[in-house]
Q: 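Sharing a structure, written as structure tokens. Questions coming.
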Amino acid sequence: MSVTLIATGGTIASTADAEGRVTTTLHGEDLLAAAGPLPVDVEVVDLRVPGSWNLTSELAAGIAGAARSALLGGARGVVITHGTDVVEETAWLCELLVRDVTDRGPVVLTAAMRHASEFAPDGPRNLADALAVAATPHSADRGAIVCVNGELHHARWVTKTHATGLATFESPGRGPVGEVSERGVRFTAAGPPPPPPPPADGSVVGDIPIVVSHWDVDADLVDWHVARGARGLVLQGGGAGNVNGRLVEPIERAVAAGVPVVGTTRCPQGEVVPVYGGDGGFASLHALGVMPSFGLSAGKARLALGVALAADPDPVEVRRYIEALEVRA
């Protein structure tokens, strides 16, 4: 069995032109050639998408769908090359949509911070490492993994922490789940439990805006989004999930109208918890029906809510799906 490489572009597949502007120019076969001799057969699928900052939920679900099809078609593992800006979100969507078939092999996403025209680009080594992870039998049934800089991070926890630095990917509060070195692929920690089963059609609802709380927030934003057809809302608050009190009444109206709302925090570690009452405290929001994100960032909570709505839009089932994502250990 071979490993499937799904090449989607990104810095790892980019070069600079004469004026120094960086764009995607390389295909999957080019990436493999740069990665050097490989101990596994690789089947290449070029799945070009716009720069990762221009992805849509539909396009990202297409990437996850291609990974799922490869595993169901007999691949021993899948590697996805991707742009770094939102790779953590595509990885998380793969976890939500593909985890149930990763007993056949892992889904490993990799990327690069230095484009291929730079001195000592990091892409070739990252790709070689990711292919090694995908080909390793004990990588199976671990879900979606991001492999960069010799470290393995689970999609649930990984995030990009530095705009340009090589050691940008971390799992705050958790750390890597493994590493790739001269000793081979080694897992050092378990990942989270599997999420609920994905929608039968592998889709995700994209009409879910993120409302960011700040001192002078425009409370009309919530009603505006709901009036324009938002299927759900994600709140990004501070601390334990507290938001500006101006948002409380429109949030209450949204929940009453059947629009599910998930609360998150801008803090890179910790979770929203119903501690603070009063105007905008998360305890008050929770009493109105706002769901906690259980440590998911706003971007990842948005995808989880989108998958939950695609699986079953009934508010009771959406809440059950989100609550099933809690990690207790």
Side-chain angles (χ1 to χ4, degrees), residues 57 60 86 88-97 99 143-144 153-161 170-174 191-196 198 204-214 217 221-222 225 230-244 247-248 251-252 254-255 259-276 280-313 315-329:
S57 296
V86 295
E88 64 201 70
E89 292 176 7
T90 300
W92 174 235
L93 189 58
C94 286
E95 173 74 2
L96 296 175
L97 296 181
R99 175 65 184 268
H153 293 268
H154 194 275
R156 169 76 189 237
W157 299 309
V158 68
T159 189
K160 185 176 182 179
T161 64
E170 299 179 21
S171 296
R174 290 285 181 169
V204 56
V205 171
D207 299 327
I208 302 173
I210 298 172
V211 177
V212 179
S213 177
H214 54 84
V217 65
L221 277 174
V222 174
H225 282 304
R231 299 279 304 278
L233 292 170
V234 171
L235 298 175
Q236 186 183 65
N242 313 306
V243 304
N244 190 291
L247 294 172
V248 174
I251 290 169
E252 184 174 12
V255 173
V259 177
V261 181
V262 175
T264 70
T265 174
R266 65 184 182 183
C267 299
Q269 295 190 50
E271 302 184 8
V272 298
V273 287
V275 172
Y276 293 97
F282 191 72
S284 301
L285 297 176
H286 192 253
L288 295 178
V290 176
M291 296 173 280
S293 63
F294 302 111
L296 294 175
S297 66
K300 291 182 182 180
R302 178 181 174 276
L303 292 174
L305 185 53
V307 172
L309 284 164
D312 190 333
V316 173
E317 294 305 316
V318 170
R319 177 174 291 275
R320 183 174 288 122
Y321 183 100
I322 297 300
E323 289 177 347
L325 296 176
E326 182 178 10
V327 178
R328 297 181 179 274

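The structure presented is a predicted model; accordingly, all values stated were derived computationally and were not measured.
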Q: Compare all side-chain heavy atoms of E271 with those of S293 and state whether any distance is below 4.5 angstrom.
A: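 Answer no - side chains too far apart.
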
Q: Donor-acceptor check, side chain of N244 to backbone of S213, threshold 3.5 angstrom: yes or no?
A: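 Looks like no, no N/O pair under 3.5 Å.
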
Q: Before you tell me yes or no, could you show the steps for L247 and V211 under side chain to side chain contact (heavy atoms under 4.5 Å, CB included), namely the whole-Å CA-CA distance, both residues' side-chain angles and the distance that decides it to 0.1 Å?
A: CA-CA 9 Å; L247 294 172; V211 177; 4.3 Å; yes

Q: Could you point out which residue of I210, I251, V262 forms a side chain to side chain contact (heavy atoms under 4.5 Å, CB included) with L235?
A: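 Only one of I210, I251, V262 forms a side chain to side chain contact (heavy atoms under 4.5 Å, CB included) with L235, namely I251.
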
Q: Quick one: closest heavy-atom pair of L96 and P195, and the distance?
A: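 For L96 and P195, the tightest heavy-atom pair comes out as CD2-CB, 3.9 Å.
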
Q: Is it the case that the side chain of T265 and the backbone of G239 share a donor-acceptor pair, with hydrogens and angles ignored and the cut-off at 3.5 Å?
A: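 Yes, T265 side chain to G239 backbone: donor-acceptor pair under 3.5 Å.
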
Q: Minimum heavy-atom separation for H286 to P292, with atom names?
A: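 Heavy atoms only, the tightest pair is CD2-CD, 3.9 Å.
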
Q: Scan the side chains in residues 320-329 for donor-acceptor partners under 3.5 Å anywhere in the protein, sequence neighbours excluded, and list what turns up.
A:
residue : atom : partner : partner atom : Å
R320    : NH1  : E317    : OE1          : 3.0
R320    : NH1  : E317    : OE2          : 2.4
E326    : OE1  : R328    : NH2          : 3.4

Q: Evaluate the side-chain proximity of V318 to M291: yes if any heavy-atom separation is below 4.5 Å, no if none is.
A: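 In short, these two side chains touch, coming nearer than 4.5 Å.
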
Q: For P209 versus G232, what's the shortest heavy-atom pair and its separation?
A: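 Heavy-atom minimum between the residues: CD-O, 3.3 Å.
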
Q: Roughly how far, to the nearest 0.5 Å, is the NE2 atom of H214 from the CZ atom of R266?
A: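 R266 CZ to H214 NE2: 10.5 Å, rounded to 0.5 Å.
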
Q: Less than 4.5 Å apart, side chain to side chain, heavy atoms only: is that true for L288 and V248?
A: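 Yes, close enough: below the 4.5 Å cut-off.
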
Q: Under 3.5 Å, is there a donor-acceptor pair between the side chain of S57 and the main chain of V204?
A: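 Checked: no pair found.
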
Q: Where the side chain of H154 meets the backbone of W157, is there a donor-acceptor pair that is under 3.5 Å apart?
A: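 Looks like no, no N/O pair under 3.5 Å.
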
Q: Tell me the closest heavy-atom pair linking R99 and G143, and the distance in Å.
A: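 Of all heavy-atom pairs spanning R99 and G143, the closest is CD-CA, 3.2 Å.
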
Q: Quick one: does any side-chain atom of K300 pair with a main-chain N or O of A155 as donor and acceptor, under 3.5 Å?
A: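 Pair found, side chain donor or acceptor close to backbone of A155.
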
Q: With rounding to the nearest 0.5 angstrom, report the OH to CG distance, Y276 to N242.
A: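 Atom-to-atom, Y276:OH and N242:CG are 7.0 Å apart.
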
Q: List the steps and the verdict of side chain to side chain contact (heavy atoms under 4.5 Å, CB included) for V275 and F282.
A: CA-CA 7 Å; V275 172; F282 191 72; over 6 Å; no

Q: Just by distance, do the side chain of R319 and the backbone of G289 share a donor-acceptor pair under 3.5 Å?
A: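 Yes: the side chain of R319 pairs with the backbone of G289.
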
Q: Mind checking the OG1-CG spacing from T264 to L296? Nearest 0.5 Å is all I need.
A: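 Reported value, rounded in 0.5 Å steps: 9.0 Å.
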
Q: For the atom pair CG (L233) and CG (D207), what is the distance rounded to the nearest 0.5 Å?
A: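 If we round to the nearest 0.5 Å, L233:CG and D207:CG are 11.0 Å apart.
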
Q: Would you say the side chain of W92 lies within less than 4.5 Å of the side chain of S297, judging by non-hydrogen atoms?
A: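 No; the side chains remain at least 4.5 Å from each other.
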
Q: Between T159 and E88, is any side-chain donor less than 3.5 angstrom from a side-chain acceptor?
A: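 The criterion, which ignores hydrogens and geometry beyond distance, is satisfied for E88 and T159.
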
Q: Does any N or O in the side chain of R302 come within less than 3.5 Å of the main-chain N or O of I208, such that one atom is a donor and the other an acceptor?
A: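 Answer holds: yes.
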
Q: Would you check, one step at a time, whether the test side chain to side chain contact (heavy atoms under 4.5 Å, CB included) holds for L93 with V307?
A: CA-CA 8 Å; L93 189 58; V307 172; 3.8 Å; yes

Q: State the CZ-CG distance between R231 and L309, to the nearest 0.5 angstrom.
A: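 Rounded to the nearest 0.5 Å, the CZ-CG separation comes out at 5.5 Å.
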
Q: How close do E89 and G299 get, counting heavy atoms only, and between which atoms?
A: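 Closest heavy-atom pair between E89 and G299: OE2-CA, 3.5 Å.
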
